[in-house]
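In what follows, every heavy atom counts, from backbone to side chain, and hydrogens, waters and symmetry copies are set aside. On a predicted model such as this, the values are computed, not experimentally measured, just so you know.
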Amino acid sequence: MTAMQTKPKATFPIDLSAYQRITLDPAVNKLTDEQRTALKANIQLCREAIVFFTATGGARGVGGHTGGPYDTVPEVMIMDALFRGNAEKFVPIFFDEAGHRVGTQYLMSALNGDLPAGQLMQYRAAGSTLPGHPELGLTPGVKFSSGRLGHMWPFVNGVALANPGKTTFLLGSDGAQQEGDDAEAARLAVAQGINVKLIIDDNDVTIAGHPSEYLKGYSVQRTLEGHGLKVLVNDGEDIDALYANICEAIATDGPIAVICKRPMTVGIDGLEGSCHGHDVIPTDLAIQYLEKHGRQEAADYLKAIEKQSHSYQFMGSSDEMGSNRNVFGQAAVEVLGKMSDAERKEKVLVVDCDLEGSCGLNHIHKAYPEIFISGGIMERGNLSAAAGFGMAEGKQGIFATFSAFLEMCISEITMARLNKANLLCHFSHSGIDDMADNTCHFGINNMFADNGLDDSYETRLYFPADARQMKACVEKVFHQPGLRFIFSTRAKVPMLNDADGNGLYGDGYSFVPGKDDVVREGTDGYIVSFGDGLYRALDAVERLKQEGLNIGLINKSTLNVVDEQMLEKVGKSPLVMVVESFNEKTGLGARYGTWLLERGYTPKFAHAGTHEEGGGGLWEQFYHQGLDPESIMQKVKKLAGK
């Protein structure tokens, strides 16, 4: 078994040598006819290239983002020409607070000779070093790591302070500007006169909708002006106005923002102005666009791509797959449907963070819009709002976002606990499965949510194994008081079978918080796992039994509660191995060994979890971390002395 995909040897079908390496002097704020013509040619060339290579990711099934890097090409072309003409006056890095626009970084790396153009056609593939967000030190030519949306401005303030006398640019977006980090960065930049220049793509589009509709009153311009920044506004597609404003920004001491108004994916038929432009362009629309612009070879390449799939057959699981992140919302709708209209409105508030379709909250939004708030890209404040609603007995808030963003909300989680809030959180995209966005979007530090003291308000962490257990879990814990965190994966997971081949969590199953489940009995030791690691561990257990090593498997779906009976059972066995996709340093394994020792149990012990930065791709992340079934088997054999 291997995680790496075969990389076809092909030449990039768009001739990037046509890129015109012009220079611009910010002291001259008007373009000549020749400069304007060259910039427009570069813009079109680069937009065609971005449409093409991001579409290869969509066609291969690894996703991606087309609209962001496509939209910001005009300002990037101007920045590149400025850097080339006056290198000593600038920090020559295309800092971007919207990391999903990584296509910009990869294209500029190719244009500058750091990256072979043909490699772009492996965008987001496993082992390609082209993950879904820029990572410093991984991709040749990439000069920074973006981290998560809206986190770069504070960092770039520091870069600017370290480079006095130079101009530092930051590419921004109206979505990223919703994050609280940017408000703090703006105040510091103004107070200290930091020479940072923001160029913000304001296209009124985020994943779940249009900010002008779901976040009424929000204005990038008025927000920044309120912090004290000077703001210049122009049509992002008016190259002369854009260049003049950038020149004015450079000539102005201190922080300043240039806001570029434009529709999302301007000029792409069937996508312009749509929220779908945020994601990877559909293959058919990419082909249509490329053919329209005379790029038949690129269009033909897309037509020939076959979507990748994981052909490995996992033992112990059925062929039926379920999307736990969607089942969360569907199960919640069923529970809410048993409440009267008045009771539901009085007692429940659901707060989304622009990810309702990704976290399953769209099902609640559709069924009961009167209890749903589209909260925008403001995780910290939205979690606290949901918690505040649940402060009174009998009320509860429901909150959801990606698990990677849990790290941003630790202080707010503490506040919710101190105020004895009733809060049900769904953190999807947990672990590493299907995470082509790579390291900064891994949901691996989820145990941070359990940061209260022994006598603090109850906090429970749940990671159901399959769709049936997810449904049962939601039904059981929905009305319980306290802080409840339910985790799910981005990837679909198979339904687990018992030893007789029947559904493990079928009809008649009832979820019991705090209790672990025996998935398979064993006499030679046990693997303890959960979530996206469980069905992989189950496959390993089944194959080990075939080889004569009788290893059992425990599903620890309640992550932060010791099941004393099960711990005794496992602890008295010859060996215990914890398998998880969480961070080895902060995950379940770091606790489980301590729990065993505290009770005097001394089996041979091992722990396998996420321990390296991501390798890109989807299921391949498990192979990269050594968490695939074969790797699990080898580690168990070593522990058993086989």
J.: Quick one: does Thr265's side chain have a donor or acceptor within less than 3.5 Å of a partner on Ile268's backbone?
T.: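 A pair under 3.5 Å: no.
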J.: Check the pair Asp300 / Gln296 against side-chain hydrogen bond (donor to acceptor under 3.5 Å, both in side chains), numbers first and verdict last.
T.: CA-CA 6 Å; Asp300 290 343; Gln296 191 61 49; 2.9 Å; yes
J.: Look only at the side chain of Glu97 and the backbone of Met152, and say whether a donor-acceptor pair between them is shorter than 3.5 Å.
T.: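 Side chain of Glu97 to backbone of Met152: no pair is present.
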J.: So which atom in Ala249 and which in Ile256 form the shortest heavy-atom distance, rounded to 0.1 Å?
T.: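 Closest approach of Ala249 to Ile256: CB-CG2, 3.4 Å.
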J.: Using 4.0 Å as the upper bound for N to carboxylate O, is an ion pair formed by Glu248 and Lys230?
T.: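 Yes, Lys230 and Glu248 are salt-bridged.
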J.: Looking at every heavy atom in both Ala257 and Ile200, which two are closest together, and how far apart are they?
T.: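 That would be CB-CD1, 4.4 Å.
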J.: Does anything in residues 57-87 form a ring-ring contact (aromatic ring centres under 6.0 Å, His included)? List the pairs, not counting sequence neighbours.
T.: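 Pairs touching residues 57-87 that pass the test: His65-His100, His65-His278, Phe83-Phe90, Phe83-Phe94.
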J.: Can you see which heavy atom on Thr206 is nearest to which on Gly175, and at what distance?
T.: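 Reported closest heavy-atom pair: CG2-CA, 3.9 Å.
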J.: Please test Tyr289 against Phe52 for ring pair (Phe, Tyr, Trp, His ring centres under 6.0 Å), starting from the C-alpha separation and ending with a verdict.
T.: CA-CA 9 Å; Tyr289 176 86; Phe52 168 66; over 10 Å; no
J.: Is the backbone N or O of Phe427 less than 3.5 Å from a side-chain atom of Ser430, with the two atoms forming a donor-acceptor pair by type?
T.: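 A pair under 3.5 Å: yes.
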J.: Are the side chain of His276 and the backbone of Ser274 linked by a donor-acceptor contact shorter than 3.5 Å?
T.: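 Such a contact is absent between His276 side chain and Ser274 backbone.
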J.: Are more than 12 heavy atoms from other residues, nucleotides or ligands located less than 6.0 Å from atom CD of Glu613?
T.: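 No, because the 6.0 Å sphere around CD of Glu613 holds 12 heavy atoms or fewer from other groups.
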J.: Asp71: which residues meet the salt bridge (Lys or Arg N to Asp or Glu O under 4.0 Å) condition with it, sequence neighbours left out?
T.: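 Expected list: none.
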J.: Look at the side chain of Glu272 and the backbone N and O of Gly267, then say whether any donor-acceptor pair between them is shorter than 3.5 Å.
T.: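 Checking the backbone N and O of Gly267 against the side chain of Glu272, a donor-acceptor pair under 3.5 Å is found.
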J.: Apply salt bridge (Lys or Arg N to Asp or Glu O under 4.0 Å) to Asp182 and list each qualifying residue two or more places apart in sequence or on a separate chain.
T.: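 Salt bridge (Lys or Arg N to Asp or Glu O under 4.0 Å) check on Asp182 returns nothing, list empty.
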J.: Short question: side chain of Ser128, backbone of Tyr123 - any donor-acceptor pair under 3.5 Å?
T.: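 A pair under 3.5 Å: no.
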J.: Using only atom types and a distance under 3.5 Å, with no angle test, would you say the side chain of Asn438 pairs donor to acceptor with the backbone of Gly616?
T.: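 Side chain of Asn438 to backbone of Gly616, a donor-acceptor pair under 3.5 Å: yes, one is there.
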J.: Main chain of Arg490, side chain of Arg325: is a donor-acceptor contact present, judged purely on distance under 3.5 Å?
T.: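 Confirmed, Arg325 side chain pairs with Arg490 backbone.
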J.: Between the main-chain N or O of Asp240 and the side-chain N or O of Asp238, is there a donor-acceptor pair closer than 3.5 Å?
T.: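 Yes; at least one donor-acceptor contact below 3.5 Å.
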J.: Under a 3.5 Å distance rule, please check whether Gln192 uses its side chain to pair with a backbone N or O of Ala189 as donor and acceptor.
T.: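 The answer is no, because no donor-acceptor pair under 3.5 Å joins these two groups.
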J.: If you round to the nearest 0.5 Å, how far is CD of Glu135 from OG of Ser145?
T.: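 One gets 6.0 Å once the value is rounded to the nearest 0.5 Å.
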J.: Which label fits His441 and Phe405: parallel for a plane angle under 30°, tilted from 30 to 60°, or perpendicular past 60°?
T.: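 It falls in the perpendicular class, over 60°.
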